[in-house]
**Student:** 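Before we start, here is the structure in question, set down as structure tokens.
Numbering of ligands and ligand atoms starts at 1, following listing order. All residue numbers refer to positions in the sequence shown, counting from 1.
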Amino acid sequence: MTQKKILLPGAKLGVMGSGQLARMFALEAIPSGYEVSVYSPELHSPASGVGAKEFVFEYENKEALLSFLKSIDALTFEFENIPEIALSTIEEFQNASDLLVHPSPNCVRIAQNRWKEKSSFRKAAIPTVNFYPVFTNQDREETPSKVQYPCILKTNTMGYDGKGQVKCKSKEELISALSNLKELNHIVEEFFPFTSEASVIFARFQDGAISYFRPSLNIHKDHILDLTFHPGNFSPSVEKNLVDYAKKLAEEIDYIGVFGIEFFIKDEEILCNEFAPRPHNSGHFSQDSGSLSQFSLQLRTLCNLPAPKEIPVRPITMKNILGEDYKPGSKLWTTTLGNPHFHLHLYGKTEARKGRKMGHWNYSGPNPESAFAGWE
Ligand code: ADP
Ligand code: MG
């Protein structure tokens, strides 16, 4: 099936998932005249709050998923942990129809599996941490003698925000962590003592054209992204390598759409950590950068609209609002809202649990490096 058609306003776009990333995609697509539908088990989701039509079914419900796919012209994803049965249903439907699907289910499969993901980095000659499989009992026995310490034992699938990870300082600690595993399907990674973390938001179009934002610097707190500084203050050679690695990955796995790719940096040494087959939290700065946002790039890649050659952006700092920081009406929020350089984005979630992403602030004024200093 050739997929060269261009989807103009009026077309019906679908998203797998209905959380904040689907909401922000809808906030880009609906004002441009597209219809947006979202598929997930959640009723009254963040995306429905801004006008997306909801299909509320389990991902494994093949019949419901097929009726969703029949109702749309193009499909994209807001998260990677989509069950295999849904991915193969999408693939089958796509092969028998002219539904556009960007990125491909196969790219989603790679991103949801750390082993496949890191193997793709290796194939594309992108440096990454040393990693070892824990898929069989034999792996479980042999791995502790192979790795350098410290290391991190990670679930191979379904991990996010540092969940499912155990740091091990010694062979004894790894042996003990491995013996506590309820199931195999893990990997062990060597720990890299990075001094900074960076990400690149990258888009590749169906004709091979690319658009990207300059690399950002990311600060995590308790394994959850806290701050993004855009652009990050990297040396020209580091900056060039980060973008080159993103491009190599996109070409290696024939990626079409937007992805966020994360790196560890120590001096001039760069190791790639992971990528997400969708807009990324560290790309939210782009909503207030005075140019295109990452969601606009998602829309353009999905609909085969033209690729922007250059995305001129001004410096921006993004700060996440987690459940514990969600304080509408507080003095800090009221003062901040009185400052025209701060832009508030909330995701329409009512329950503010600890660690839950409720929204973010973007700051676009002078001194972006100190915009959120003293907020803790
Ligand atoms: P998740 O999928 O949960 O985001 P990551 O692999 O990105 O998992 O790990 C979360 C964070 O843990 C990273 O952003 C980094 O700060 C730290 N981390 C993960 N792997 C390593 C490693 N190999 N070396 C050093 N730090 C790491
Ligand atoms: Mg991560």
Side-chain angles (χ1 to χ4, degrees), residues 17 19-21 77-82 107-122 126-134 143-144 146-171 173-174 177-178 185-202 215-229 232 234 242 245-246 249 259-267 269-284 318-320 322 354-357 360:
Q20 64 263 24
L21 297 177
F77 299 85
E78 78 143 11
F79 79 124
E80 50 277 23
N81 291 327
I82 310 269
C107 287
V108 176
R109 280 188 191 109
I110 294 170
Q112 68 180 208
N113 181 306
R114 292 190 201 278
W115 179 263
K116 287 188 187 165
E117 180 180 42
K118 292 200 154 71
S119 302
S120 300
F121 297 157
R122 262 194 197 157
I126 301 167
T128 188
V129 291
N130 288 327
F131 62 102
Y132 304 84
V134 186
T143 303
K146 292 183 186 161
V147 312
Q148 301 261 350
Y149 294 89
C151 67
I152 307 180
L153 176 64
K154 296 184 178 182
T155 55
N156 189 36
T157 54
M158 304 297 283
Y160 69 98
D161 289 343
K163 293 190 196 341
Q165 301 193 8
V166 189
K167 188 168 169 187
C168 303
K169 290 196 276 314
S170 62
K171 192 172 174 180
E173 282 187 22
L174 178 60
L178 287 169
N185 199 23
H186 279 64
I187 66 165
V188 176
E189 275 181 31
E190 287 174 5
F191 183 83
F192 180 62
F194 60 82
T195 48
S196 54
E197 291 189 81
S199 61
V200 176
I201 306 300
F202 196 92
S216 301
L217 171 70
N218 298 323
I219 312 284
H220 291 82
K221 215 169 71 183
D222 301 331
H223 297 284
I224 303 178
L225 184 66
D226 179 30
L227 290 162
T228 295
F229 296 92
F234 304 109
L242 294 173
Y245 294 149
L249 175 68
F259 66 89
I261 179 165
E262 297 181 81
F263 302 92
F264 301 143
I265 302 177
K266 185 169 179 278
D267 306 318
E269 190 180 356
I270 298 169
L271 295 184
C272 184
N273 177 30
E274 60 176 357
F275 82 101
R278 51 174 168 80
H280 192 255
N281 193 169
S282 69
H284 293 351
M318 190 266 341
K319 183 171 173 65
N320 266 339
L322 302 185
K354 185 171 186 298
R356 189 176 198 205
K357 291 175 182 167
H360 61 273

**Student:** Without swapping roles, check the side chain of Thr128 against the backbone of Cys272 for a donor-acceptor pair under 3.5 Å.
**Tutor:**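 Here the side-chain-to-backbone pair exists.
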
**Student:** Keeping Glu117 on the side-chain end and Phe275 on the backbone end, is there a donor-acceptor pair under 3.5 Å?
**Tutor:**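 Between the backbone of Phe275 and the side chain of Glu117 there is a qualifying donor-acceptor contact (under 3.5 Å).
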
**Student:** Does Lys154 come within less than 4.0 angstrom of ligand 1, counting non-hydrogen atoms of the residue?
**Tutor:**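 For ligand 1, residue contact (heavy atoms, under 4.0 Å) with Lys154 is present.
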
**Student:** Any nitrogen or oxygen of Phe192 lying under 3.5 Å from a nitrogen or oxygen in ligand 1? Just yes or no.
**Tutor:**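 Yes; the residue has a nitrogen or oxygen that sits under 3.5 Å from a nitrogen or oxygen of the ligand.
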
**Student:** Given 3.5 Å as the limit, does a donor-acceptor pair link the side chain of Asn156 with the main chain of Arg114, or not?
**Tutor:**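 Between the backbone of Arg114 and the side chain of Asn156 there is a qualifying donor-acceptor contact (under 3.5 Å).
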
**Student:** Measure from atom 26 (N) of ligand 1 to every heavy atom in Phe131, Tyr160, Phe194 and give the option owning the shortest one.
**Tutor:**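 It is Phe194 whose heavy atom sits nearest to atom 26 (N) of ligand 1.
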
**Student:** Considering Glu197, Glu190, His220, Glu262 one by one, which has a heavy atom nearer to atom 16 (O) of ligand 1 than any of the others?
**Tutor:**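 Checking each option, the heavy atom nearest atom 16 (O) of ligand 1 is found in Glu197.
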
**Student:** Which atoms from ligand 1 have a heavy atom of Asn273 less than 4.0 Å away?
**Tutor:**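 Counting atoms of ligand 1 from 1, those under 4.0 Å from Asn273 are 5 (P), 6 (O), 7 (O).
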
**Student:** For the residue pair Phe131 and Trp115, categorise the inter-ring angle as parallel (less than 30°), tilted (30 to 60°) or perpendicular (more than 60°).
**Tutor:**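 The rings of Phe131 and Trp115 stand perpendicular, inter-plane angle above 60°.
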
**Student:** Under a 3.5 Å distance rule, please check whether Glu80 uses its side chain to pair with a backbone N or O of Val108 as donor and acceptor.
**Tutor:**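 Such a contact is absent between Glu80 side chain and Val108 backbone.
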
**Student:** Short list, please: which atoms of ligand 1 are under 4.0 Å from a heavy atom of Gly162?
**Tutor:**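 Per the distance check, 1 (P), 3 (O).
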
**Student:** Under 3.5 Å, N or O to N or O, is Val129 touching ligand 1 that way?
**Tutor:**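 No: no nitrogen or oxygen of Val129 is under 3.5 Å from one in ligand 1.
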
**Student:** Between the side chain of Tyr149 and the main-chain N/O of Pro144, is any donor-acceptor distance below 3.5 Å?
**Tutor:**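 Yes; judged by distance alone, with no hydrogens or angles, the pair exists.
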
**Student:** Ignoring hydrogens, just give me the one of Glu189, Gln165, Lys118 whose non-hydrogen atom is nearest atom 5 (P) of ligand 1.
**Tutor:**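 Considering heavy atoms of Glu189, Gln165, Lys118, the nearest to atom 5 (P) of ligand 1 sits in Gln165.
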
**Student:** I'd like to check which ligand 1 atoms, numbered from 1 as shown, lie under 4.0 Å from a non-hydrogen atom of His223.
**Tutor:**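 Here the atoms of ligand 1 in question are 11 (C), 12 (O).
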
**Student:** Among all residues two or more places apart in sequence or in another chain, which pass the ring pair (Phe, Tyr, Trp, His ring centres under 6.0 Å) test with Phe234?
**Tutor:**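 None.
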
